[in-house]
Amino acid sequence: MKTREALRMPEGSEARVRGWVYRKRDLGGKIFVVVRDSEGIIQVVVDRSTAPREAVQAAEEATIESAVEAWGRVAPDPRAPGGAELRAEGFVLHSRAEDFPIKGGEGVDYLLDVRHLWIRSRRLTAVWRIRHTVLKAMREYLESNGWWEVSPPILTQSAVEGGATLFEVNFFGKKAYLSQSAQFYLEALIYSLERVWSLTTSFRAERSRTRRHLYEYWHLETEEAWARMRDSMRVAAELTAAAVRGVLEERLEELSLLKRDTERLEAAARPDYPSITYDEAIELLKRRGVSIEWGDDLGADEERVLTEYFDTPFFVTHFPKHIKSFYMKIDPGRPEVVLGFDLLAPEGYGEIIGGSEREDRYEVLLARIREEGLDPRDYEWYLDLRRYGSVPHSGFGLGVDRLVMWVAGLDHIRDSIPFPRFRDRIYP
RNA sequence: GCCGGGGUAGCUCAGCGGUAGAGCGCCGGGCUGUUAACCCGGUGGUCGGGGGUUCGAAUCCCCUCCCCGGCGCCA
């Protein structure tokens with residue numbers, strides 16, 4: 001049985017647990033072995049005066065991270081972590097671990113070298129569990145709201161956005177690239193399924209040196225036929241709130257282990273997130289003494305100032321067209337701005353979603369491609385979508401790792417994912 | 001790509017021109033209740049790599065590699 005279950009059994013119940021040695025203290029009369037499994041930890045007490053000789057010997061030989069199994073009776077004890085412990089009647093050493101290289105106090109660089117071992121830590125295990133629940137809650141939301149899950153390609157011929165750097169792949173002599181967004185493929189799929197979403201890895205070869213960028217990240221994207229920007233924003237908010245709610249309902253222990261302030265998350269569990277326009281954001285920033293002019297992009301510093309105004313995630317909409325991508329639809333009432341939106345997480349976490357209504361008019365889209373200095377031939381099939389039954393449509397991309405980072409209260413995105421690809425790190 | 005900080009024992013760091021150090025870990029011993037246990041003893045080094053200055057370099061200079069924090073870009 002799992003350690004969690006054993007801890008909750010009535011006094012005197014027989015229990016059998018297996019897992020890995022988390023802590024061990026040999027005091028002479030008794031050996032205290034704290035056993036860790038996927039659900040938590042339990043203290044196993046091997047008493048030299050009562051336990052069988054083989055059990056004592058096995059406990060003596062067990063080192064940190066050895067795989068062990070123990071059985072005996074459960075006894076409440078305030079001195080034990082979790083309030084109860086297992087008094088061992090048997091103890092087996094399945095596999096004795098060599099001297100485990102992580103003792104505590106190591107630096108980040110070293111810990112990343114032994115990431116394959118570090119991911120066992122209680123803290124990271126809590127993050128994986130939270131991540132699981134975030135993904136589950138979002139999938140459940142989409143499933144119950146009529147969205148089709150689709151599987152777009154990762155190997156692609158060209159960029160979605162002109163500027164971002166791509167990882168090049170040799171595709172049997174032709175140049176191919178790792179996808180940085182499934183958006184164009186989702187746009188193609190709305191003509192058959194209308195409301196589609198996908199969860200894929202996306203790749204960006206920007207040499208970013210920040211705590212919120214990965215070269216390989218998990219991208220949840222949606223695209224919906226007939227939807228206007230506001231419709232897509234509502235989905236973005238409901239999806240985010242569903243993830244937060246799921247974690248608050250199922251992962252309170254993990255949040256507590258991570259010392260995450262859950263009060264700040266409660267406010268984000270309802271999807272009524274506030275929304276300001278880019279114009280209003282500039283006004284707010286100017287009032288705060290930030291030197292910024294209309295037309296400037298909102299950088300990390302600006303985002304941080306804005307997040308101080310809100311306790312929940314919030315939207316910024318209607319950006320100047322020249323700081324956003326060519327496929328975003330020009331606002332019919334204001335040709336200098338686009339119908340695009342960002343969702344920024346509070347507490348300084350910043351952008352977790354970027355979306356827009358897409359330009360659905362062939363001529364306008366073609367003109368925008370040329371205006372950005374891009375080659376229309378690279379977008380031939382994408383332009384085709386505007387020639388055969390074009391409809392208004394909107395969608396967004398959500399950074400799963402960033403969402404997990406914010407929900408779990410992590411200070412670096414690398415800990416939102418088991419094997420992060422960032423900086424120049426590819427091992428392990 | 002730009003700005004700043006740093007590579008010394010397995011790990012975290014001190015030393016910054018004159019014999020290579022500490023704490024933790026690890027190994028051995030002790031302890032009947034530990035919570036990052038504690039006490040005693042032991043173990044531990046191409047001072048990131050290359051070149052130079054010097055009687056002498058971890059220390060000063062040059063080149064190079066790697067890591068960390070921040071910016072830009074974005075999710």
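Remember, it's a predicted structure, so these values are computed and weren't measured experimentally. Order of the sequence lines sets the chain letters (A, B, ...), proteins ahead of strands, with each chain counted from 1.
- Within the 4.0 angstrom heavy-atom criterion, base atoms lie near A:Thr210.
- One P atom belongs to B:G28, the other to B:U53, and the distance between them is 50 Å to the nearest Å.
- Rounded to an integer number of Å, the gap from A:Asp99 CG to B:A9 C1' is 14 Å.
- The aromatic rings of A:Phe314 and A:Phe310 sit parallel to each other, their planes meeting at less than 30°, with 60° as the upper class boundary.
- Salt-bridge check for A:Lys321 with A:Glu336: failed, with every basic side-chain N at 4.0 Å or more from each acidic carboxylate O.
- For the pair A:Asp401 CG and B:A75 P, the interatomic distance rounds to 13 Å; values are reported in whole Å.
- The side chain of A:Glu85 lies closest to B:G33 when the candidates are B:C71, B:A75, B:G33.
- With both ends at atom C1', the span from B:C39 to B:C31 equals 9 Å, rounded to whole Å.
- The number of heavy atoms from other shown groups lying within 6.0 Å of CH2 (A:Trp148) does not exceed 12.
- One P atom belongs to B:G50, the other to B:C65, and the distance between them is 15 Å to the nearest Å.
- Separating the CG atom in A:Leu142 from the CG atom in A:Leu239 is a distance of 5.0 Å, to the nearest 0.5 Å.
- Checking A:His412 against A:Tyr215, the closest nucleotide of RNA chain B that is more toward the 5' end is the one next to A:His412.
- Using a 4.0 Å heavy-atom distance criterion, A:Gly350 is classed as making no nucleic acid contact.
- Annotation: A:Glu60, atom CD; neighbour count of heavy atoms from other residues, nucleotides and ligands within 6.0 Å is above 12.
- In this structure, A:Arg23 reaches the sugar-phosphate backbone alone: every heavy-atom distance under 4.0 Å involves primed, P, OP1 or OP2 atoms, never a base.
- With both pairing distances under 3.5 Å, B:G1 is matched to B:C71 as a Watson-Crick or G-U wobble pair.
- B:G7 sits 12 Å from B:A58 when the C1' atoms are compared, rounded to a whole Å.
- In this structure, CZ of A:Phe396 is placed 19 Å from P of B:C74, rounded to the nearest angstrom.
- Residues A:Arg414 and A:Tyr110 both approach RNA chain B. Their nearest nucleotides, taken by heavy-atom distance, put A:Tyr110 toward the 5′ side.
- Here the P atom of nucleotide B:C73 and the CG atom of A:Leu298 are 10 Å apart, to the nearest Å.
- Atom CZ in A:Arg207 sits roughly 9 Å away from atom P in B:C67 (whole-Å rounding).
- Using the six-membered ring where Trp is involved, A:Phe184 and A:Tyr382 have ring planes that are parallel, under 30° apart on the 30 and 60° scheme.
- Listed pair A:Arg304 / B:C71 meets the phosphate criterion, a side-chain N or O lying under 4.0 Å from OP1 or OP2.
- B:C55 and B:G48 have their P atoms separated by 25 Å, given to the nearest Å.
- Taking a 6.0 Å sphere around NZ of A:Lys286, one finds it holds more than 12 heavy atoms contributed by other residues, nucleotides or ligands.
- A distance of about 48 Å separates the P atoms of B:G52 and B:C40, rounded to the whole Å.
- Using a 4.0 Å cut-off between a side-chain N of Lys or Arg and a carboxylate O of Asp or Glu, A:Arg288 and A:Glu308 qualify as a salt bridge.
- Among the heavy atoms of the strands, none lies under 4.0 Å from A:Pro101.
- Comparing atom distances between the A:Ala300 side chain and each of B:C68, B:C74, B:C71 picks out B:C71 as nearest.
- For a distance-only test at 3.5 Å, the side chain of A:Arg25 fails to qualify as a donor-acceptor partner of the base of B:C31.
- In this structure, A:Leu214 reaches the bases: a heavy-atom distance under 4.0 Å links it to at least one base atom across the strands shown.
- If you check every strand for non-hydrogen atoms under 4.0 Å, A:Leu27 touches a base.
- In this structure, the nucleotide among B:A36, B:C11, B:C68 sitting nearest to the side chain of A:Glu106 is B:C11.
- Comparing B:C74, B:G33, B:G69 by their closest approach to the side chain of A:Arg204 singles out B:C74.
- For B:A22, the paired base is B:U12 (Watson-Crick or G-U wobble, both distances below 3.5 Å).
- Of the candidate nucleotides B:A75, B:G33, B:C68, B:C68 has the atom lying nearest to any side-chain atom of A:Arg209.
- B:C24 atom P lies 21 Å from atom CZ of A:Phe100, rounded to whole Å.
- In the set B:U34, B:G1, B:C31, B:C31 carries the atom at the smallest distance from any side-chain atom of A:Asp26.
- Across B:U46 and B:U12, the matching P atoms stand 15 Å from one another, rounded to whole Å.
- Remark: side-chain polar atoms of A:Tyr273 are paired, donor with acceptor, to backbone N or O of A:Ala268 under 3.5 angstrom.
- The side chain of A:Tyr217 has B:A75 as its nearest neighbour among B:C71, B:A75, B:C68.
- Side-chain nitrogen and oxygen atoms of A:His213 include none within less than 4.0 Å of the OP1 or OP2 phosphate oxygen of B:G72.
- Partner assigned to B:U53 is none, using Watson-Crick or G-U wobble distances below 3.5 angstrom.
- Pair check for B:G44 finds none; no Watson-Crick or G-U wobble contact set falls under 3.5 Å.
- For B:A9 and B:A14, the C1' atoms lie 13 Å apart once the distance is rounded to whole Å.
- Within 4.0 Å (heavy atoms only), A:Lys30 reaches at least one base atom of the nucleic acid.
- Between the CD atom of A:Gln43 and the P atom of B:A36 there is a distance of 11 Å, given to the nearest Å.
- A 3.5 Å limit on both hydrogen-bonding distances identifies B:G30 as the Watson-Crick or G-U partner of B:C38.
- Distance A:Ile413 CD1 to B:G70 P: 13 Å, rounded to the nearest Å.
- Residue A:Glu206 places no side-chain atom within donor-acceptor reach of the base of B:G1, judged by atom type and a 3.5 Å distance cut-off alone.
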